[in-house]
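Here's the structure we're looking at; comments come further down.
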There are 2 protein chains.
Amino acid sequence: MEPTIPVEEEIIDLSEFLKTFGDPTRLRILFLLRERELGVHAIAEQLELQQTTVSHQLKVLRYLRLVRYRKEGRGVFYSLSDDHIEQILNIGMEHIQEQI
Amino acid sequence: MEPTIPVEEEIIDLSEFLKTFGDPTRLRILFLLRERELGVHAIAEQLELQQTTVSHQLKVLRYLRLVRYRKEGRGVFYSLSDDHIEQILNIGMEHIQEQI
DNA sequence: TTAATATATGAATATATGTTCATATATGAA
DNA sequence: TTCATATATGAACATATATTCATATATTAA
């Protein structure tokens with residue numbers, strides 16, 4: 001079975017999805033969430049970022065379904081959306097660690 | 001073994017690597033090269049892009065090691081760098097095709 | 001209700017990036 | 001060498017994007 005080239009709409013969706021991994025702040029958030037579910041304030045504190053910066057980036061991560069969230073009390077707790085996210089992080093790390 | 005959070009330099013390298021997948025033109029080039037090795041002119045023709053656009057993007061893809069190339073005569077032939085590239089494309093496609 | 005805490009949103013700004021045009025470099029043919 | 005073909009590069013411009021500041025919304029406690 002020959003691999004096929006995705007149609008235009010898939011290319012756009014895929015580029016938006018993968019582009020979301022292309023920012024240091026978002027990556028830091030994702031690596032934190034790989035360890036455990038966290039609230040917005042905890043993410044901001046651990047990464048030494050402003051709350052508003054974190055909220056803006058979480059909105060992007062939510063929209064592209066890299067994370068999911070649940071509300072509890074006044075807090076909102078975020079975690080990685082599914083295993084694809086961690087797989088991409090792992091493959092990416094393998095790639096950049098390759099020498100030559 | 002607990003997963004660790006990459007250090008600053010790794011985060012930067014990883015974000016630059018993954019960012020490279022975040023553009024429709026580069027994705028189209030990668031999907032073409034997933035099928036077969038191709039020269040610059042052939043890529044431009046198949047994707048209906050200007051040669052100079054393709055060259056600029058190939059430079060990015062080379063720099064981040066998503067593709068490799070070999071020179072033959074006056075041509076330069078490009079192919080995917082290693083299996084990581086196809087893996088990321090495949091996982092990404094799986095993700096965007098998930099409904100819900 | 002009022003106050004306090006947690007999170008989200010909108011506008012503004014500075015920076016990054018993709019494409020185009022013009023042109024340079026490289027290789028092979030004549 | 002000169003010409004033609006293949007590819008790469010640099011500058012310019014328009015668009016996209018990350019962060020900040022100010023503020024809004026939501027929830028709980030008093």
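Every chain is numbered from 1, with letters handed out A, B, ... down the list of sequences.
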Checklist entry - Within less than 4.0 Å of OP1 or OP2 of dT19(D), is there a side-chain N or O belonging to Q50(A)? => result no
Checklist entry - Within the structure, does a side-chain N or O atom of Q57(A) lie under 4.0 Å from either OP1 or OP2 of dT17(D)? => result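 For Q57(A), the contact criterion (side-chain N or O under 4.0 Å from OP1 or OP2 of dT17(D)) is not met.
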d([atom1], [X]; [atom2], [N]) in whole Å:
X      : N       : atom1 : atom2 : answer
Y69(B) : dA6(D)  : OH    : P     : 19 Å
R28(B) : dG18(C) : CZ    : C1'   : 12 Å
L49(A) : dC21(D) : CG    : C1'   : 16 Å
I43(B) : dT19(C) : CD1   : P     : 14 Å
I29(B) : dT7(D)  : CD1   : C1'   : 13 Å
R74(B) : dG28(C) : CZ    : C1'   : 5 Å
Y78(A) : dA6(C)  : OH    : C1'   : 11 Å
K71(B) : dA26(C) : NZ    : P     : 8 Å

Checklist entry - Can you tell if the side chain of L30(A) reaches within under 4.5 Å of the side chain of L61(A), non-hydrogen atoms only? => result yes
Item to check | Identified side chain to side chain contact (heavy atoms under 4.5 Å, CB included) partner of F21(B) from the options L18(A), I88(A), L14(A) | outcome: L18(A)
Checklist entry - For DNA chain C, what is the dot-bracket line, given that a base pair needs Watson-Crick (N1 to N3, plus N6-O4 or O6-N4) or G-U wobble (N1-O2 and O6-N3) geometry with both distances under 3.5 Å, and | means paired with another strand? => result ||||||||||||||||||||||||||||||
Next on the checklist: I'd like to know if T52(A) reaches the base of dT9(C) with its side chain such that a donor and an acceptor end up less than 3.5 angstrom apart.
Outcome noted: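 Indeed, a donor on one side and an acceptor on the other fall under 3.5 Å apart.
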Looking at the side chain of [X], which of [options] is the nearest nucleotide?
X      : options                  : value
K19(B) : dG18(C), dA8(C), dT17(C) : dT17(C)
V76(B) : dA8(C), dA8(D), dT9(D)   : dA8(D)
S55(A) : dT17(D), dA8(D), dT9(C)  : dT9(C)

Item to check | Test: E37(B) and R68(B) ion pair at under 4.0 Å | outcome: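 R68(B) and E37(B): not salt-bridged.
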Next on the checklist: The criterion is side-chain contact (heavy atoms from CB on, under 4.5 Å); which residues satisfy it with V40(A), sequence neighbours excluded?
Outcome noted: Q51(A), V54(A), S55(A), L58(A), Y78(A)
Checklist entry - Considering residues, nucleotides and ligands other than Y69(A), do more than 12 of their heavy atoms fall under 6.0 Å from its OH? => result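 No, the 6.0 Å shell around OH holds no more than 12 heavy atoms from other groups.
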Checklist entry - DNA chain D: Q51(A) or L58(B), which has the more 5' nearest nucleotide? => result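 Checking each residue's closest nucleotide, the 5'-ward one belongs to L58(B).
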Checklist entry - 5'-most contact on DNA chain D: R26(A) or G75(B), nearest heavy atom basis? => result G75(B)
Item to check | Whether H56(B) stacks on the six-membered ring of dT19(C) base, 5.5 Å and 30° limits | outcome: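 No.
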Checklist entry - CZ of R28(A) to CG of L33(A): how many Å apart, nearest 0.5 Å? => result 14.0 Å
Item to check | Check against side-chain hydrogen bond (donor to acceptor under 3.5 Å, both in side chains), Q87(B) and Q87(A) | outcome: CA-CA 9 Å; Q87(B) 286 173 29; Q87(A) 286 174 29; over 6 Å; no
